Amino acid sequence: MRIDIITLFPEMCEAVMSESIIGRARAKGVIEVNCHQLRDFAFDKHKRVDDTTYGGGMGMLMKAEPIALCFEDICKKTGSRPHFIYMSPKGRTLTQQRLTELAQMENITILCGHYEGVDQRLIDEFIDEEISIGDYVLTGGELPALVLADSVSRLVPGVLSDDICFSEESHFGGLLEYPQYTKPSVWREREVPEVLMSGHHANIEKWRHEKSIEETKLKRPDLYEKYLAENGGK
């Protein structure tokens, strides 16, 4: 998979995407991540990518043309048109299901917004999808873009050691993950549940499933109700 990030802060994005599991996957060539400085596609001597809004109002708006030129350059380099995503508080909230779908794509490009956002004409002409990571506003789109890039990358075959690394996690099957424990078996008078040390795999799986349901019902009743509806109330 190839991921291109259009940003005013490519060094920030590179720093995050070069570390840990994702960094190792990039080094092995399992995924390709390219961070593009949007100002490189500005066409005035000051490299401006923003301007005042028509109709008045506070703040500046990102101009359409530099973004269009950057995306068109990416299209030339890939020889195709990547799925173009704009990280926006007006977008559809990101879910594990959508990440699974995006992970099947060969190329995605992510636009990081700034200031008051992006000229609507660019969105109408180029953007395939707007995505939000929650109902709140940040100072820029870099953090949301990195959340998306990280979470979709780890679903690409070869990034994690085994599919089970993500298939048993929270949200993957509609439930939150079960509680987990490590050594020592007793910590400050708190003991690891006996079933986990029994070696009885069927009982352990049953316990984990039951605990996933309990965790979801307690912490995310909205997900619990959805899970019941999709599983016939069981």
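Everything numeric here is computed off the predicted structure, so don't read it as measured data. Hydrogens, waters and symmetry mates are skipped; everything else that's a heavy atom, side chains included, is used.
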Checklist entry - In a check of side chain to side chain contact (heavy atoms under 4.5 Å, CB included) between Gln120 and each of Val118, Ile123, Leu122, which one passes? => result Ile123

Checklist entry - Between Asp150 and Leu146, is there a donor-acceptor pair closer than 3.5 Å when you use the side chain of the first and the backbone of the second? => result no

Checklist entry - Out of curiosity, Leu223 CG to Leu175 CG, how far, rounded to the nearest 0.5 Å? => result 8.5 Å

Next on the checklist: Please report the interatomic distance OG(Ser185) to CD(Glu194), rounded to the nearest 0.5 Å.
Outcome noted: 11.0 Å

Next on the checklist: Same cluster or not: Leu61 versus Leu111, using hydrophobic residues (I, L, V, M, F, W, Y) connected whenever any side-chain heavy atoms lie under 4.5 Å apart?
Outcome noted: no

Checklist entry - Of the non-hydrogen atoms in Arg208 and Leu196, which two are nearest, and what is the gap between them? => result NE-CD2, 4.4 Å

Checklist entry - Rounded to the nearest 0.5 Å, how far apart are CD1 of Ile85 and CD1 of Ile6? => result 11.5 Å

Item to check | Leu99 side, atom CG; Leu148 side, atom CG - distance, nearest 0.5 Å | outcome: 6.5 Å

Item to check | CG/Asp135: more than 12 non-hydrogen atoms of other groups inside 6.0 Å | outcome: no

Next on the checklist: For Phe126 and Phe84, take the angle between the two ring planes, folded into 0 to 90°, and tell me which bin it lands in: parallel under 30, tilted 30 to 60, perpendicular over 60.
Outcome noted: perpendicular

Item to check | Side-chain donor-acceptor contact under 3.5 Å, Glu101 with Gln104 | outcome: no

Checklist entry - Given Lys47 and Asp44, is the salt bridge (charged side-chain N to carboxylate O under 4.0 Å, His left out) satisfied, shown in steps? => result CA-CA 5 Å; Lys47 298 293 183 181; Asp44 70 329; over 6 Å; no

Item to check | Ion pair check, Glu177 and Lys211, cut-off under 4.0 Å | outcome: no

Checklist outcome for this item: Here the pair of heavy atoms bringing Gly59 nearest to Thr53 is O-CG2, 4.4 Å

Item to check | Evaluation steps, side-chain contact (heavy atoms from CB on, under 4.5 Å), between Asn107 and Ile74 | outcome: CA-CA 10 Å; Asn107 301 314; Ile74 293 170; over 6 Å; no

Checklist entry - Does any N or O in the side chain of Arg26 come within less than 3.5 Å of the main-chain N or O of Ile31, such that one atom is a donor and the other an acceptor? => result no

Checklist entry - Do Lys219 and Leu176 touch side chain to side chain, with heavy atoms closer than 4.5 Å? => result yes

Next on the checklist: For Asn34 and Glu32, which I'm curious about, is there any donor-acceptor pair between the side chains at under 3.5 Å?
Outcome noted: yes

Checklist outcome for this item: One should read off an interatomic distance between Cys35 SG and Glu11 CD, to the nearest 0.5 angstrom, of 9.0 Å

Item to check | Heavy-atom neighbours of Glu106 CD exceed 12 at 6.0 Å | outcome: no

Checklist entry - What is the distance from atom CZ of Arg92 to atom CZ of Arg98, rounded to the nearest 0.5 Å? => result 5.0 Å

Item to check | Carboxylate-amine/guanidinium proximity below 4.0 Å for Asp50 and Arg39 | outcome: no

Checklist entry - Would Leu138 end up clustered with Tyr86 when hydrophobic side chains under 4.5 Å apart are linked, directly or stepwise? => result yes

Next on the checklist: Would Cys112 and Leu8 count as a side-chain contact (heavy atoms from CB on, under 4.5 Å) here? Give the steps.
Outcome noted: CA-CA 8 Å; Cys112 305; Leu8 295 175; over 6 Å; no

Item to check | side-chain contact (heavy atoms from CB on, under 4.5 Å) between His83 and Leu102, worked out | outcome: CA-CA 9 Å; His83 185 72; Leu102 291 172; 3.9 Å; yes

Item to check | Test item: Glu214 and Tyr178 side chains (from C-beta on) under 4.5 Å apart, heavy atoms | outcome: no

Checklist entry - Below 4.5 Å, heavy atoms only, C-beta onward: do Pro193 and Tyr181 meet side chain to side chain? => result yes

Next on the checklist: Looking at Gly134, is its backbone amide N or carbonyl O close enough to the side chain of Thr93 to form a donor-acceptor pair, meaning the two atoms are under 3.5 Å apart?
Outcome noted: no

Checklist entry - Looking at Pro144 and Met87, what are the two nearest heavy atoms and their distance? => result O-CE, 3.5 Å

Item to check | Residue Tyr54 excluded, over 12 heavy atoms near OH under 6.0 Å | outcome: no

Item to check | Nearest heavy atoms of Pro184 and Val192, plus distance in Å | outcome: O-CG2, 4.1 Å

Item to check | Shortest non-hydrogen contact from Glu215 toward Pro179 | outcome: CG-CD, 4.2 Å

Next on the checklist: Within the supplied structure, the quantity of interest is the number of heavy atoms (other residues, nucleotides, ligands) at a distance under 6.0 Å from Arg121 CZ; does it exceed 12?
Outcome noted: no

Item to check | Linked, directly or transitively: Val33 and Leu155 (ILVMFWY side chains, under 4.5 Å) | outcome: yes

Next on the checklist: Looking only at the side chains, is there a donor atom on one of Asp4 and His36 sitting less than 3.5 Å from an acceptor on the other?
Outcome noted: yes

Checklist entry - Are the side chains of Met105 and Pro82 in touch, meaning some heavy atoms are under 4.5 Å apart? => result no

Item to check | ILVMFWY cluster, Tyr115 and Tyr136 together (side-chain gap under 4.5 Å) | outcome: yes

Next on the checklist: Show, in sequence, the C-alpha distance, side-chain angles and deciding distance for Ile3 and Met1, and conclude whether the side-chain contact (heavy atoms from CB on, under 4.5 Å) test is met.
Outcome noted: CA-CA 7 Å; Ile3 300 173; Met1 165 177 262; 4.0 Å; yes

Next on the checklist: Are Glu65 and Phe43 packed together at the side-chain level, in the sense that at least one heavy-atom pair is separated by less than 4.5 angstrom?
Outcome noted: yes

Checklist entry - For residues Asn203 and Ser198, is any side-chain donor paired with an opposing acceptor at under 3.5 Å? => result no

Item to check | Min side-chain heavy-atom separation Phe71-Thr109 under 4.5 Å | outcome: yes

Next on the checklist: Does any part of the side chain of Met62, heavy atoms only, come nearer than 4.5 Å to the side chain of Ile67, both counted from C-beta?
Outcome noted: yes

Checklist entry - Below 4.5 Å, heavy atoms only, C-beta onward: do Glu19 and Val16 meet side chain to side chain? => result no

Next on the checklist: Run the salt bridge (charged side-chain N to carboxylate O under 4.0 Å, His left out) test on Asp222 and Lys226 for me, step by step, so that the C-alpha distance in whole Å, both residues' side-chain angles and the decisive distance to 0.1 Å come before the verdict.
Outcome noted: CA-CA 6 Å; Asp222 57 324; Lys226 182 179 179 182; over 6 Å; no

Item to check | Closest contact, heavy atoms only, Cys75 versus Thr78 | outcome: O-OG1, 3.3 Å

Checklist entry - Can Val156 be reached from Leu94 by stepping across I, L, V, M, F, W or Y side chains whose heavy atoms are under 4.5 Å apart? => result yes

